[in-house]
Peer 1: 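Below is one structure. I have some questions about it.
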2 protein chains.
Amino acid sequence: MVVIELSDDDVSRIFRALADTTRRDIVRRTLATEVSVSQLAAAYAMSFAAVQKHVAVLEEARLVTKEPRGRERMVRGNPDRIHQAQRLLDQFEHIWRSRIERLDALLEEEPT
Amino acid sequence: MVVIELSDDDVSRIFRALADTTRRDIVRRTLATEVSVSQLAAAYAMSFAAVQKHVAVLEEARLVTKEPRGRERMVRGNPDRIHQAQRLLDQFEHIWRSRIERLDALLEEEPT
DNA sequence: TTCTATTACAACCATTTGGTTGTACGTTAC
DNA sequence: GTAACGTACAACCAAATGGTTGTAATAGAA
């Protein structure tokens with residue numbers, strides 16, 4: 001696992017990309033199996049172009065990759081990126097935990 | 001820990017709220033210590049009203065709570081909600097892992 | 001070659017977002 | 001009581017978002 005430093009904009013792009021039901025569903029599908037853009041488009045009640053745009057947003061966030069296969073573009077979910085997002089949330093939990101530790105330390109202080 | 005069922009809109013709201021640098025910073029600050037809205041506002045190069053709106057977005061996503069204290073409104077980060085977001089990402093990883101298992105099973109199949 | 005499927009991309013539109021300023025209101029301090 | 005502080009909220013604005021339709025290019029099938 002290569003540890004990549006995420007810029008603030010990267011982080012925003014990742015969460016932004018995940019903030020849409022259709023896009024989350026696309027991530028699920030492309031993590032489960034490899035599918036073409038047109039196969040994805042067939043699954044949703046919206047135009048092909050709309051789905052194409054959703055895939056583009058996910059691609060910019062690097063949550064999926066697109067690979068040409070004949071005339072199709074196969075979309076693959078990127079589990080590494082999901083993992084990175086998880087680690088971001090971990091950092092929040094660390095902040096919270098260290099707060100609790102500080103409070104505990106206060107309570108344990110000997111009254112002078 | 002109470003396990004709450006998150007609606008699709010809830011999930012969108014959570015990720016949407018986290019898709020902004022200022023808001024992520026507010027979450028960090030309010031997980032670390034309790035701060036008033038005006039204290040938060042003082043930390044950023046934008047108007048009080050703008051920060052107020054950011055807090056409102058976080059509040060709608062239940063990532064923070066606001067509690068009146070005198071004339072101030074104290075903002076507290078909600079670690080439970082962060083945890084829920086983490087579990088959402090966990091689900092994506094499960095999908096990925098079960099794909100790998102399927103592929104492994106295929107490879108292990110006896111050629112007939 | 002010709003037809004069809006898949007994709008790319010531009011132009012357009014309504015709504016949302018992230019910011020602003022201004023005004024009003026309750027609370028604390030003097 | 002009055003001034004200052006902290007908040008709420010409305011109105012406004014530019015830019016981004018999520019959708020549409022239409023057109024063009026490329027690859028595969030007939």
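Worth knowing before you read on, the calculation uses all heavy atoms, side chains too, and leaves out hydrogens, waters and symmetry mates. Chain letters run A, B, ... following the sequence lines, proteins first and then strands; every chain starts at 1.
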Peer 1: Is A/Ser47 touching bases, backbone alone, or none of the nucleic acid, heavy atoms closer than 4.0 Å?
Peer 2: base
Peer 1: If you check every side-chain atom of B/Gln52, which of C/dG19, D/dA8, D/dG18 has the closest atom?
Peer 2: D/dA8
Peer 1: With sugar-phosphate meaning primed atoms plus P, OP1 and OP2, does A/Thr22 contact a base, only sugar-phosphate, or nothing at under 4.0 Å between heavy atoms?
Peer 2: nothing
Peer 1: Whether B/Arg73 contacts D/dA8 is assessed here as follows: a side-chain N or O lying under 4.0 Å from the phosphate OP1 or OP2. Is that the case?
Peer 2: yes
Peer 1: Take the protein atom CD of B/Gln39 and the nucleotide atom C1' of D/dT7, then report the distance between them rounded to whole Å.
Peer 2: 14 Å
Peer 1: Looking at the side chain of B/Ser38, which of D/dT20, D/dG18, D/dT7 is the nearest nucleotide?
Peer 2: D/dT7
Peer 1: Please give, in whole Å, the distance from C/dG22 P to B/Phe48 CZ?
Peer 2: 17 Å
Peer 1: Please tell me which of the listed nucleotides, D/dG19, C/dT7, D/dT7, lies nearest to the side chain of A/Met46?
Peer 2: D/dG19
Peer 1: Tell me: CE of A/Met74 to P of C/dA5, nearest whole Å?
Peer 2: 18 Å
Peer 1: Roughly how far, to the nearest 0.5 Å, is the CG atom of A/Leu31 from the CD1 atom of B/Ile95?
Peer 2: 6.5 Å
Peer 1: Would you say that B/Gln39 contacts B/Glu34 through its side chain, given a criterion of any heavy-atom pair below 4.5 Å between the two side chains?
Peer 2: no
Peer 1: Considering every strand and a 4.0 Å limit on heavy-atom distances, what is the contact class for A/Ala49: base, sugar-phosphate, or nothing?
Peer 2: base
Peer 1: In whole angstroms, how far is the P atom of C/dT16 from the CG atom of B/Asp20?
Peer 2: 18 Å
Peer 1: OP1 or OP2 of D/dA16 sitting under 4.0 Å from any side-chain N/O of A/Lys53?
Peer 2: no
Peer 1: Which nucleotide sits closest to the side chain of B/Arg16: D/dG19, C/dT17, D/dT17?
Peer 2: C/dT17
Peer 1: So what is the end-to-end bend of the helix from C/dT4-D/dA27 to C/dC30-D/dG1, with 5 pairs used at each end and the value given to 10 degrees?
Peer 2: 30°
Peer 1: Does either side chain, that of B/Asp10 or that of B/Ser7, offer a donor lying less than 3.5 Å from an acceptor on the other one?
Peer 2: yes
Peer 1: Can you confirm whether B/Thr22 sits close enough to B/Tyr44 that some side-chain heavy atom of one is under 4.5 Å from a side-chain heavy atom of the other?
Peer 2: yes
Peer 1: Taking the nucleotide of DNA chain D with the closest heavy atom to each, which residue, A/Gly70 or A/Val57, is nearer the 5' end?
Peer 2: A/Val57
Peer 1: I want to check something: taking the side chain as every heavy atom from C-beta on, are B/Phe48 and B/Val37 in contact at a cut-off of under 4.5 Å?
Peer 2: yes
Peer 1: Can A/Asp9 and A/Ser12 be said to form a side-chain hydrogen bond (donor to acceptor under 3.5 Å, both in side chains), step by step?
Peer 2: CA-CA 5 Å; A/Asp9 281 352; A/Ser12 292; 5.0 Å; no
Peer 1: Whole angstroms only, please: what is the CG-P distance between B/Leu40 and D/dA8?
Peer 2: 12 Å
Peer 1: Counting any heavy atom closer than 4.0 Å, what does A/Arg23 reach on the DNA or RNA strands: base, sugar-phosphate only, or nothing?
Peer 2: sugar-phosphate
Peer 1: Starting at atom NE2 of A/His54, determine the distance to atom C1' of C/dA8, rounded to an integer number of angstrom.
Peer 2: 17 Å
Peer 1: CD of B/Glu60 versus P of C/dT16: gap in Å, rounded?
Peer 2: 12 Å
Peer 1: By nearest heavy atom, map B/Glu72 and A/Arg71 onto DNA chain D; which one lands nearer the 5' end?
Peer 2: B/Glu72
Peer 1: For B/Asn78, is there any backbone N or O sitting under 3.5 Å from a side-chain donor or acceptor partner on B/Arg62?
Peer 2: no
Peer 1: Identify the heavy atoms of A/Val51 and A/Ala41 that sit nearest to each other, and give their distance.
Peer 2: CG2-CA, 3.7 Å
